[in-house]
Protein chains: 2
Amino acid sequence: MTIRIGILGYGNLGKGVECAIKHNEDMELAAVFTRRDPAGLKIQTEGVKVCSVQDAPSMKDAIDVMILCGGSATDLPVQTPEMAKHFHVVDSFDTHARIPEHYAAVDAAAKESGHVGIISVGWDPGMFSLNRLYANAILPGGHDYTFWGKGVSQGHSDAIRRVAGVKDARQYTVPVEAALEAVRSGSSPELTTRQKHTRECFVVAEDGADLARIEKEIVTMPNYFADYDTTVHFISEEELMRDHAGIPHGGFVIRTGTTGWNDEHSHVIEYRLKLDSNPEFTASVLVAYARAAYRLGQEGQKGCRTVFDIAPAYLSAVDGAELRKHLL
Amino acid sequence: MTIRIGILGYGNLGKGVECAIKHNEDMELAAVFTRRDPAGLKIQTEGVKVCSVQDAPSMKDAIDVMILCGGSATDLPVQTPEMAKHFHVVDSFDTHARIPEHYAAVDAAAKESGHVGIISVGWDPGMFSLNRLYANAILPGGHDYTFWGKGVSQGHSDAIRRVAGVKDARQYTVPVEAALEAVRSGSSPELTTRQKHTRECFVVAEDGADLARIEKEIVTMPNYFADYDTTVHFISEEELMRDHAGIPHGGFVIRTGTTGWNDEHSHVIEYRLKLDSNPEFTASVLVAYARAAYRLGQEGQKGCRTVFDIAPAYLSAVDGAELRKHLL
């Protein structure tokens, strides 16, 4: 028996979930839901229908887990609790500061309806969070470091596009190799924002625009660039399309700490992701946790969960005895 | 209220557990148990007694979790099921091929007595296994690689010591940097034993021993060295004590895989440990899982578990709301 997945929202993340389902034999795509006109949406999976989000509740018997692929700013705070009334749900809510209230909202809805909701699934929050937790539990009193990149930051790319005279732009966040090495040495350095990451911008300017003024506006922009060493490259629209069409990302979670009666031994735990496609990798994590949501639901559990609350074996299609034999 | 830990076996691992308890405020060392004469054993923690292993069952009300620090060859297969009759237990059983039978024995004993037993805890099996499982669930159809080192292999050091004319020796397993880079590139290389690791030996020879013969016996030794590029350095006993007294280890778990409708995007998940002290780090993982064993026991769970079966939040002394706020 396969796990029937619904996708709500068909942007980059929703498309990634569709691809990830194709990679997992125990899953099938049941339907894609959209807030727009379903007739205008073409998906890749043969024979699967696109429905209006309004029809979702009526399809509760055809879908085991709904994966929510909207944005964290305005979509998920409304959609995840709403869908948890009808389905087991998984989302990638990533506004760190608002996780407690989102958790409470999903927990209330899921408990009342008897469903499982897993929030903040992906790589950060998600796999990075897991690695922070495991490493903190093993090395209490140590130091945590998170580096992001090299990867495209959508928010920073958008900020550049709002500068007058800019036609298009792509911004890469780049971890500073010397800072990584200092952390790996176990010396527990205190690192400033500027020391940890640089920002590299590829900008397509409008014809006749004042490039010096654009560059200055970017590198001095508060919050986004002023605290970083920022490099601006002006390129053609063709070059942007050819060389910067992908959405790579990744990063490092490192914890260093000591053991021994007098803290005489030092240890480094490092987790690294190098991702060609940020949304497709996030989608692959969502799908693994959809399997967990389904199984927890089968056990009769209900309420909100995060990656912290779920035993790793629930993510795997392989049974416990096989896991112990081959992966332990 | 603190979690009261018993330690059975006071070798390097048991000493490491004693140190790890000191680093965790919610834990205390209740007693150390030994098969030898307790009077002959001096431990570091003030005011804690050393007892004979035969007295352990009578102390079941004074100990919440017993951590077993014996060897996997002959100690743990007997001791872990035996102790599970009286306590929640955690061990670092690491004979991969015999995990299924060890699991069954501990499961039967723990279920009958109403305790929780967590086996094969440490870094491999343990944290490396967890990373294999998570990465396999996220990237089905990918490739797994495990590299060990740079670190001291006790088994290989012992093998060298058995060569005639050798007084003492230390063997390091070293991952080949070029192989690591090939794996990280996402090219999914097929690597031979020789391509993945080299072996570096530091040997103290007896006076007048035939060094050329010793070196040849080492590098051609079946199973241990013949399949590797092995380097032998003859050094003095003083140099061995001065430069090779530590027990460092570590390694890498890497999984590569693809996503996308046509597998067009490639991803690398890498977990790395760099450990000054193999036994102290293993002990730190054992202690975190002792916390989990205690909590699962408080919930009334019973039977055998591995790291695959335990939700990460159980390892942390911090409560769920705080974890979501600060680590997610």
Side-chain angles (χ1 to χ4, degrees), chain A residues 16 18-20 22-24 44 96 99-100 103 120 125 127 129-134 136-141 184 259-261 265-277 280-281 283-285 288 291 306-313 315-318 320-321 323-325 327-328, chain B residues 16 18-20 22-24 44 96 99-100 103 120 125 127 129-134 136-141 184 259-261 265-277 280-281 283-285 288 291 306-313 315-318 320-321 323-325 327-328:
Chain A
E18 183 182 23
C19 293
K22 190 187 174 197
H23 285 77
N24 285 278
Q44 301 223 58
H96 287 264
I99 286 173
Y103 180 91
S120 302
M127 300 312 296
S129 322
L130 277 178
N131 277 279
R132 284 188 282 261
L133 173 51
Y134 279 117
N136 271 265
I138 297 169
L139 295 176
R184 288 185 186 124
T259 63
W261 197 252
H265 293 125
S266 159
H267 306 274
V268 182
I269 303 174
E270 175 172 341
Y271 181 75
R272 179 187 187 178
L273 295 175
K274 195 161 145 278
L275 313 175
D276 268 4
S277 166
E280 285 178 7
F281 187 83
S284 300
V285 183
R291 181 180 291 121
T306 74
V307 295
F308 294 160
D309 307 310
I310 295 175
L315 306 186
S316 174
V318 177
L323 289 178
R324 285 191 291 278
K325 213 165 166 180
L327 290 182
L328 196 62
Chain B
E18 183 182 23
C19 293
K22 190 187 173 199
H23 285 77
N24 285 277
Q44 301 223 59
H96 288 263
I99 286 173
Y103 180 92
S120 301
M127 299 312 297
S129 322
L130 277 178
N131 277 279
R132 285 188 282 262
L133 172 51
Y134 279 118
N136 272 265
I138 296 169
L139 294 176
R184 288 185 186 123
T259 62
W261 197 252
H265 294 125
S266 159
H267 307 274
V268 183
I269 303 174
E270 175 173 340
Y271 182 75
R272 178 187 188 179
L273 295 175
K274 193 163 147 278
L275 313 175
D276 268 4
S277 166
E280 285 178 6
F281 187 84
S284 300
V285 184
R291 181 180 290 121
T306 75
V307 295
F308 294 161
D309 307 311
I310 295 175
L315 306 186
S316 173
V318 177
L323 289 178
R324 284 191 291 278
K325 212 164 166 183
L327 290 183
L328 195 62

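Values below: all heavy atoms of this structure, side chains included; hydrogens, waters and symmetry mates excluded.
Side-chain contact check for B:L328 versus A:V307: some heavy-atom pair is nearer than 4.5 Å. Using a 4.5 Å heavy-atom cutoff, the side chains of B:L315 and A:L133 are not in contact.
Both the backbone and the side chain of B:Y271 come within less than 4.5 Å of a heavy atom in chain A. The contact between B:H23 and chain A is made by backbone and side chain atoms together, counting heavy-atom distances below 4.5 Å.
In terms of the side chain to side chain contact (heavy atoms under 4.5 Å, CB included) criterion, residue partners of A:S284 (sequence neighbours excluded) are, by chain and number, A:A20, B:I138, B:T259.
In terms of heavy-atom pairs under 4.5 angstrom with chain B, the leader among A:R272, A:R324, A:K325 is A:R324. The choice from A:S277, A:S316, A:G141 that makes the most heavy-atom pairs within less than 4.5 Å of chain B is A:S277. Between chain B and the options A:R291, A:R132, A:E280, the largest number of non-hydrogen pairs under 4.5 Å is found for A:E280. Considering only heavy-atom pairs separated by less than 4.5 Å from chain A, the leading option among B:N136, B:I269, B:I99, B:T306 is B:I269.
Considering all non-hydrogen atoms of both residues, B:P312 and A:Y134 come closest at CG-OH, 3.4 Å. Taking both residues in full, the closest heavy atoms of B:A288 and A:A137 are given as CB-O, 3.8 Å, listed atom of the first, atom of the second, then distance. Here the closest non-hydrogen pair linking B:D309 and A:A313 is OD1-CB, 4.2 Å. For the residue pair B:P140 and A:N24, the shortest heavy atom distance occurs at CG-OD1, 3.6 Å. The two residues B:C19 and A:G260 make their nearest non-hydrogen contact at SG-C, 3.7 Å. Closest non-hydrogen pair, B:L323 versus A:F308, comes out as O-CE1, 3.5 Å.
By the 30° and 60° cut-offs, the orientation of the rings of B:H267 relative to A:F281 is tilted.
Atoms CG and CG, on B:L130 and A:L327 in that order, are 10.5 Å from each other to the nearest 0.5 Å.
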